[in-house]
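Read through the structure below, which is laid out as structure tokens, and then see the notes.
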Protein chains: 2
Amino acid sequence: MKSDKISEAVVRRLPVYLRFLNDLQKREIATVSSQELGQKLDLNPAQIRKDLAYFGDFGRKGIGYDVSYLIEKIRHILKLDQQINVALVGAGNLGHALSNYNAYLKDTMKITAVFDSYAPKVGQKINSLTVQPMEELGQTIREQGIRIGIITVPDSEAQNVADILVESGIEAILNFAPVILKTPPTIRIHAADFTTDLQSLAYYLHDGKEEHTDEQQ
Amino acid sequence: MKSDKISEAVVRRLPVYLRFLNDLQKREIATVSSQELGQKLDLNPAQIRKDLAYFGDFGRKGIGYDVSYLIEKIRHILKLDQQINVALVGAGNLGHALSNYNAYLKDTMKITAVFDSYAPKVGQKINSLTVQPMEELGQTIREQGIRIGIITVPDSEAQNVADILVESGIEAILNFAPVILKTPPTIRIHAADFTTDLQSLAYYLHDGKEEHTDEQQ
DNA sequence: TAGATTGTTAATCGATTAACAATC
DNA sequence: TAGATTGTTAATCGATTAACAATC
């Protein structure tokens, strides 16, 4: 196959594949089939083969996929074969929690700067990063070549922060604030909204009368 | 229309509608059309009308939707017209951050218990909740009628926690750990994985040569 | 050679959008 | 009555799955 326009659904599965492949590699398993992959990830094997085939012929007929090779390929597709710098805006509890993931993201992405508008927060250390004032956002983004911004400020500030990020040349935003951000179409936005997640889960609670026996994940 | 099986995509949009409607109500706007809604939420008006029509005839032709009435209806659909108790498992930074949202979720959902396996954490206060040992999980869930569990423990513990939650009669899980949980099909699971979100965002970064000019959100 | 598994086409399924009669 | 907007049907678009020839 190779190319076509890739749907968002496909792109969102790639990191899931990558995570599992990293796991296999750690366990020194050299080869994996789409069937095994599908079983472990609750996905249809044909879908996995199709997803991967969009980007190239990574497997070998009769054998499966070489774990290390596929890791390399997916990392390249996701642009994770280079370090991508990330800015965290909002040094509250949530921001603090996310900054812990630097260790986990290790060689792929790195939160390299933290900002907060609240004066007493500025100058504090968060996991070896010093909280900077919002005024330095633009300059720091440009200096450090930061390409992704994470918004963990209160909803009332989120749009304003997004505007500044966009103005400073950011390319994508992960937004934890429960608001719909308005940005130019060139900016990629992902809403990581814990409150809507929880509320939609409530729909699937059993209520004695009408049963909602749906499939999972 | 009314009824049919409701797709997950529809259910996941309902909380977004609800959030915006609450906003309108606060601003004392009594009526809204699918067109206005669509514009503010970046959705197709026909889709919004169709989504709502699955559950009943909530609008009035020529007029639009009564904000208060629609709020009431959506809350009922999502089972948010009753308080739903939630358990938080994992009292680290992330768990701590999420417990702050109790104020925001206010009358709909409530985190009523927090657990951690790490002995020194037990007994500590987190936003007026006392951290309990994991051993009390089952009993507390049953006593408080907790129906949703949030997992914010390290990945290595996540499956174990999920097993205990399921055994204790939980109905749905919001999982922040970057692992695929294996649970019976009656349990509703939502993966709230910040690391895969970030990695899929990286795909959309511009790279000079091939342009990915996709739509947003 | 026999068994396994890919890459890909075709079939199916599902979700979004357009269009419009009904009606406030 | 004229204008606005719903609820719903039909059309379109897209994503998932099944099936299988190619081939290791």
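Proteins come first, then strands; the chains are lettered A, B, ... in the order of their sequence lines, and each starts at number 1. Note that this is a predicted model, so its numbers are computed, not measured.
Inter-axis angle, ends of the helix from C/dG3-D/dC24 to C/dC24-D/dG3, five pairs per end, rounded to 10 degrees: 10°.
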Which protein N or O atoms sit under 3.5 Å from an N or O of nucleotides 17-20 of chain D?
unit_1, atom_1, unit_2, atom_2, d
D/dA18, OP2, A/Asn44, ND2, 3.3
D/dA19, N6, A/Arg49, NH2, 3.2

Distances for protein N/O vs nucleotides 22-24 of chain C N/O pairs under 3.5 angstrom?
unit_1, atom_1, unit_2, atom_2, d
C/dC24, O4', B/Lys61, O, 3.1
C/dC24, O3', B/Arg60, NH1, 3.0

If you restrict it to nitrogen or oxygen atoms, what contacts under 3.5 Å exist between nucleotides 12-14 of chain C and the protein, and what is each distance?
none

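Atom OH of B/Tyr65 and atom C1' of D/dT5 are 9 Å apart (whole Å). In this structure, A/Asp66 places its CG atom 15 Å from C1' of C/dT5, rounding to the nearest Å.
Using a 4.0 Å cut-off between charged side-chain N and carboxylate O, B/Lys182 and B/Asp163 make no salt bridge. A salt bridge between A/Asp23 and A/Arg19 is absent, with no side-chain N of the basic residue lying under 4.0 Å from a carboxylate O of the acidic one.
Crowding of A/Arg12 atom CZ: a count of heavy atoms from other residues, nucleotides or ligands under 6.0 Å exceeding 12.
Annotation: ring-ring contact (aromatic ring centres under 6.0 Å, His included) contacts involving residues 94-117 of chain B, sequence neighbours excluded, comprise A/Phe194-B/Tyr101.
Under 4.0 angstrom from either OP1 or OP2 of D/dT16 there lies at least one side-chain N or O belonging to A/Arg13. Residue A/Ser34 places at least one side-chain N or O under 4.0 Å from the OP1 or OP2 atom of C/dT6.
A/Glu157 is linked by a side-chain contact (heavy atoms from CB on, under 4.5 Å) to A/Ser117, A/Val153, A/Pro154, counting only residues two or more places apart in sequence or in another chain.
When the options A/Leu174, A/Asn175, A/Ile173 are evaluated for a side chain to side chain contact (heavy atoms under 4.5 Å, CB included) with A/His190, the one that passes is A/Leu174.
Using modelled atom types, no side-chain atom of B/Ser200 and backbone atom of A/Val11 make a donor-acceptor pair closer than 3.5 Å.
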